[in-house]
Structures are given as C-alpha cells and as structure tokens.
Visitor: 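Okay, here's the structure, questions in a sec.
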Amino acid sequence: MTELTVEADPAELGFDPGRLARIDHRLGRYVDEGLLPGWLTVVTRHGRIAHVARRGYRDVEAGLPVADDTRWRIFSMTKPVTSVAAMMLFERGEFALTDPIHHWLPEYADMRVFVKGSSTQPVTVPATEPIRVWHLLTHTAGLTYGFHYAHPVDALYREAGFDSSVPPGKDLAACSELWADLPLVFEPGTEWNYSVASDVLGRLVEVVSGQPLDEFFAEHILGPLGMTETGFHVDPADHDRLAALYVPEPGTRRAVRNDAFGDAIKQRPDCLQGGAGLASTAADYHRFTQFLLRRGELDGVRLLSPRTVGLMTRNHLPGDADLERFGRPLFAEMPFDGHGFGLGFSVLRDPVKARTLSSAGEYAWGGAASTAFWVDPAEELTVLLFTQLLPSSTHPLREQLRQLVYQALV
C-alpha cells in the first residue's frame with residue numbers, strides 16, 4: 001500500500017479535527033519560510049489513520065512535490081528494524097541477551113578500553129566485561145560514532161574512515177573487524193553512548209542467521225509485513241521518487257541542497273548498515289509502527305511475541321536510570337530528561353521530567369535527516385514524521401509535533 005488516507009472521522013478516534021489542523025499550519029510555516037523542503041506526517045489511533053498531511057517538495061530544484069510514494073532515507077530509524085531482527089533470533093533460542101558477542105564475532109574477544117591520553121597517544125587497558133548482546137541493543141557497549149567529535153576515540157573512528165559514512169569497498173564484516181580494533185569509550189554496561197552498536201548487531205544477525213542482512217530483512221521482516229518499498233537501496237525505476245537531502249544554510253538556516261551522500265542509496269551498498277542504511281516510504285514504516293503497537297503482529301502475521309515487544313520497550317538502563325544522567329549527550333539541543341532506553345528505542349519514563357504531553361511508556365526514535373516516529377501504547381497512538389533535513393537537531397520538529405498531536409487529543 002502506497003496511498004495514505006484518513007480511515008476514520010478524527011472525532012471518532014478522540015481528536016478535535018480543528019486542533020489536528022494546527023499540525024499542518026505550524027509545520028507548514030517551515031516550508032513557507034524555506035526552512036524545510038517538504039514533509040509528510042501520519043497520525044494513527046486505535047489502528048486507524050486519523051490525520052495525514054503533506055507539504056512542500058521532495059526535490060525543490062526539480063519541482064517535485066512530497067507524495068505518499070516518496071522514498072525517504074530513514075537513517076537511524078533503521079535501528080529498530082535491526083533490533084527486531086535480533087530479537088527474532090533471540091526468540092528462536094539462537095542466543096541469550098547476556099551472551100558475549102565474541103561467541104559469534106571473535107574479533108570482539110579481547111577489547112581494550114580508553115582510559116586517558118589523546119587520539120594520537122591513547123592509553124588503554126583490557127576490558128573487564130565482554131560486550132554482550134544486550135549492550136548492543138541498548139548502546140551501552142562502549143562503541144561510538146566518528147561524527148560525535150566528543151572523545152579521542154571518536155577521532156580514531158574518523159581516522160579509520162568512519163565519519164558520516166564507512167570506508168569505500170568495506171562490507172559489514174570488514175567494518176566490524178575495524179571497529180573491534182579500536183578501543184572502547186568505556187567498560188561495557190557502565191554508560192550509554194550512541195554508536196555503531198546497531199551495525200555490529202546487524203553483523204551478529206548475519207553470522208547467526210547465515211544470511212546477508214538485506215536478505216534476512218526481506219525474508220523475515222519486510223516481506224511478511226508487506227513493507228515492499230523498504231530496503232538498503234532504491235531501484236533505478238524509483239529514483240525520481242527519492243527525496244533529496246538538505247542542510248541549513250549558515251546564518252539564515254534556510255534549507256539548501258546537499259549531495260554529500262551522493263547516489264549511494266541508488267545502488268546496493270558494500271556495507272549493509274543496520275544502524276542507518278534503509279530507505280522507506282511513509283506507508284511502509286506506518287506498517288512497522290502498527291506491528292509494534294499490536295505487540296508483534298500485523299494482519300495475521302506474527303514476528304515477535306507480545307512479551308518480547310514488552311521487554312524491548314521497557315527501560316533497560318541499570319537501575320532504571322534516566323538517559324540524561326546515564327548517557328553521554330547525543331546533541332546538546334536534544335535533552336533526554338525523563339527518558340530511558342530499551343532494546344532499540346528510547347522509552348519515556350516520566351512525562352513531567354521530559355516536559356511533554358506524551359504518555360509514560362511511549363517508545364520512539366528518529367533519523368539523522370529529521371525523520372521520527374513514536375508509539376504510545378497507553379493511547380494506542382502512532383505518529384510518523386518524514387522530511388530530509390540534516391542534522392535532526394536543526395529545528396525542534398519532534399517536540400513541536402508531540403505538542404500538536406496531544407493538544408488535539410480530547
């Protein structure tokens with residue numbers, strides 16, 4: 001299904017239609033002011049679409065408007081899909097969450113931890129705790145990203161070719177070996193740091209299943225859920241549906257085109273990044289959120305048990321810790337007060353601490369190009385936002401969309 005249509009009177013679903021229209025007005029101003037190229041939002045309650053809105057262009061220069069069949073680079077919204085893949089293998093008894101990953105990925109057998117020094121003269125010690133499966137799912141493995149620019153190990157990642165992408169010609173197995181050669185930022189399990197953990201998790205899925213990650217996704221997740229327009233590349237016949245990427249112009253913050261990622265998404269990549277590699281449509285990812293809301297099942301197809309989805313969407317930080325306290329900040333502009341982290345999602349612990357109208361138990365994540373989703377089990381609500389502006393911290397789109405959705409729920 002590509003077309004997205006309202007499936008019920010919003011009032012039947014508990015929404016004030018006039019208040020829902022505030023979404024269109026407020027987000028529309030971003031397009032009118034040139035701050036976003038275009039966007040698409042979907043609001044669903046009780047499994048029925050209550051509101052769909054579209055504005056602007058998927059490609060400003062070509063004059064191509066946002067459409068329901070627009071293909072969006074979803075970057076880190078790939079991570080929950082990889083987490084589902086891993087938990088499917090967990091349900092088959094292939095591993096325990098506490099198992100050290102070096103049982104399948106021997107390159108991680110003798111990790112070292114950075115303790116002091118610089119990127120040119122790092123001082124490391126042997127890790128006392130192995131990286132376990134749950135460390136990858138919760139981003140507590142001690143891995144990092146080169147683009148953080150916050151720690152000497154981040155610089156080591158960049159020197160190894162891992163900044164906003166991966167070294168050319170390296171597949172996921174080769175990348176995993178390179179990451180294992182680099183020191184950890186901290187002992188596994190002692191802190192939270194956004195990282196290549198989901199990519200390593202994708203490699204674990206490959207080794208345990210005996211399938212390349214794209215084939216595992218297609219056979220076991222995307223195909224069964226009817227997500228026929230989601231994948232690690234966009235076929236030539238669909239290139240005109242692909243949204244272009246934009247960045248804020250210094251000073252004005254107006255959205256200007258950025259082709260730094262080139263045409264990478266237009267062909268199967270060497271490295272199948274379980275942390276950032278997928279492109280999708282709003283309709284496809286809508287099906288993924290409905291599968292999550294329904295606790296592992298959609299249209300008679302069950303991929304996970306309700307208990308597994310329940311486990312994934314609870315806070316796994318030690319001592320039910322707050323992500324803002326336990327974690328290293330993702331972006332200064334994106335505080336996580338009142339949030340924890342589950343097995344692939346942020347989890348809202350305390351709406352008051354988070355200063356949000358959302359419900360405790362909401363789980364969510366987003367992508368680098370300002371895409372986002374959340375699932376609110378208490379209200380049986382799912383929300384999607386698609387646009388293509390890097391970085392996601394440029395505008396408070398996610399926070400504003402939450403305000404606009406919940407103020408309409410009466």
Side-chain angles (χ1 to χ4, degrees), residues 78-113 124-144 171-213 215-217 219-221 272-275 296 303-321 326-327 340-345 347 363:
T78 305
K79 288 178 170 69
V81 182
T82 304
S83 296
V84 166
M87 295 307 289
M88 291 176 73
L89 294 173
F90 164 79
E91 285 194 336
R92 297 175 192 176
E94 297 290 351
F95 50 71
L97 295 179
T98 53
D99 282 343
I101 65 171
H102 63 70
H103 290 173
W104 300 272
L105 305 177
E107 62 264 34
Y108 291 92
D110 299 302
M111 298 301 294
R112 299 186 67 84
V113 181
T124 66
V125 297
T128 59
E129 168 74 2
I131 298 176
R132 303 180 188 274
V133 177
W134 77 269
H135 293 141
L136 298 179
L137 284 156
T138 56
H139 290 279
T140 58
L143 301 164
T144 191
D171 64 9
L172 184 54
C175 288
S176 179
E177 291 175 0
L178 289 171
W179 291 321
D181 283 339
L182 298 169
L184 299 176
V185 177
F186 48 76
E187 283 281 351
T190 62
E191 295 186 53
W192 184 92
N193 189 50
Y194 202 46
S195 69
V196 298
S198 296
D199 300 290
V200 178
L201 186 67
R203 178 58 185 156
L204 181 68
V205 169
E206 289 191 329
V207 173
V208 172
S209 69
Q211 289 183 283
L213 193 60
E215 291 183 13
F216 186 93
F217 279 6
E219 180 178 345
H220 300 286
I221 301 175
L272 301 169
Q273 292 181 264
L303 303 186
L304 292 173
S305 77
R307 293 186 71 89
T308 298
V309 176
L311 179 67
M312 294 175 71
T313 55
R314 296 181 66 181
N315 184 22
H316 282 253
L317 300 184
D320 193 31
F326 189 79
F341 203 84
L343 304 181
F345 314 89
V347 179
Y363 53 95

Visitor: If you take all heavy atoms of A197 and L136, which pair is closest and at what distance?
Guide: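 For A197 versus L136, the nearest heavy atoms are CB-O, 3.4 Å.
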Visitor: Under the criterion side chain to side chain contact (heavy atoms under 4.5 Å, CB included), I'd like the reasoning laid out for V84 against V309: C-alpha separation, chi angles, the key distance, then a yes or no.
Guide: CA-CA 9 Å; V84 166; V309 176; over 6 Å; no
Visitor: Please list, chain by chain and in numerical order, all residues satisfying side chain to side chain contact (heavy atoms under 4.5 Å, CB included) with H220, sequence neighbours excluded.
Guide: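 Expected list: M88, R92, Q211, F216.
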Visitor: Would you name the heavy atoms of L105 and V200 that are closest together and state the gap between them?
Guide: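 Distance-wise, the nearest heavy atoms are CD1-CG1, 3.9 Å.
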Visitor: Suppose the criterion is salt bridge (charged side-chain N to carboxylate O under 4.0 Å, His left out): which pairs have a residue in residues 125-142, not counting sequence neighbours?
Guide: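 As it turns out, the salt bridge (charged side-chain N to carboxylate O under 4.0 Å, His left out) pairs with a partner in residues 125-142, which skip direct neighbours, are E129-R132.
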Visitor: Work out which heavy atom in H316 is nearest to a heavy atom in G342; give both atom names and the distance.
Guide: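 Nearest heavy atoms, H316 then G342: CD2-CA, 3.9 Å.
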Visitor: Starting at OH of Y194, measure out to NZ of K79 and round the result to the nearest 0.5 Å.
Guide: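 One gets 3.0 Å once the value is rounded to the nearest 0.5 Å.
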Visitor: Kindly compute the distance separating CG (L201) from CD1 (I101), expressed to the nearest 0.5 Å.
Guide: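 Taking CG in L201 and CD1 in I101, the distance rounds to 9.0 Å.
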Visitor: Take atom CG of D110 as the centre, draw a 6.0 Å sphere, and report whether it contains more than 12 heavy atoms from other residues, nucleotides or ligands.
Guide: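 No, CG of D110 has 12 or fewer neighbouring heavy atoms, counting only those of other groups under 6.0 Å.
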Visitor: Whether the E91 and S305 side chains hold a donor-acceptor pair (N or O, under 3.5 Å, no angle test) is what I'd like checked.
Guide: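 Judged by distance alone, the side chains do pair up.
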Visitor: Could you tell me which residues satisfy side chain to side chain contact (heavy atoms under 4.5 Å, CB included) with R314, sequence neighbours excluded, listed by chain and number?
Guide: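 Testing R314 for side chain to side chain contact (heavy atoms under 4.5 Å, CB included), a comparison that skips the adjacent residues, returns none.
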Visitor: Starting at OG1 of T78, measure out to CD of Q273 and round the result to the nearest 0.5 Å.
Guide: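 CD of Q273 is found 8.5 Å from OG1 of T78.
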Visitor: Looking only at heavy atoms, what is the nearest atom pair of V185 and L143, with distance?
Guide: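 Here V185 and L143 meet closest at CG2-O, 4.4 Å.
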Visitor: Can you classify the ring geometry of F95 versus F90 as parallel (below 30°), tilted (30 to 60°) or perpendicular (above 60°)?
Guide: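 Aromatic pair F95/F90 classed tilted.
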Visitor: Can you label the angle between the F341 ring and the H139 ring as parallel, tilted or perpendicular, going by 30° and 60°?
Guide: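 F341 vs H139 ring planes: perpendicular.
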Visitor: Quiz question: by atom type and distance under 3.5 Å, do the side chains of R112 and T124 form a donor-acceptor pair?
Guide: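 Checked: R112/T124 side chains pair up, N/O donor to acceptor below 3.5 Å.
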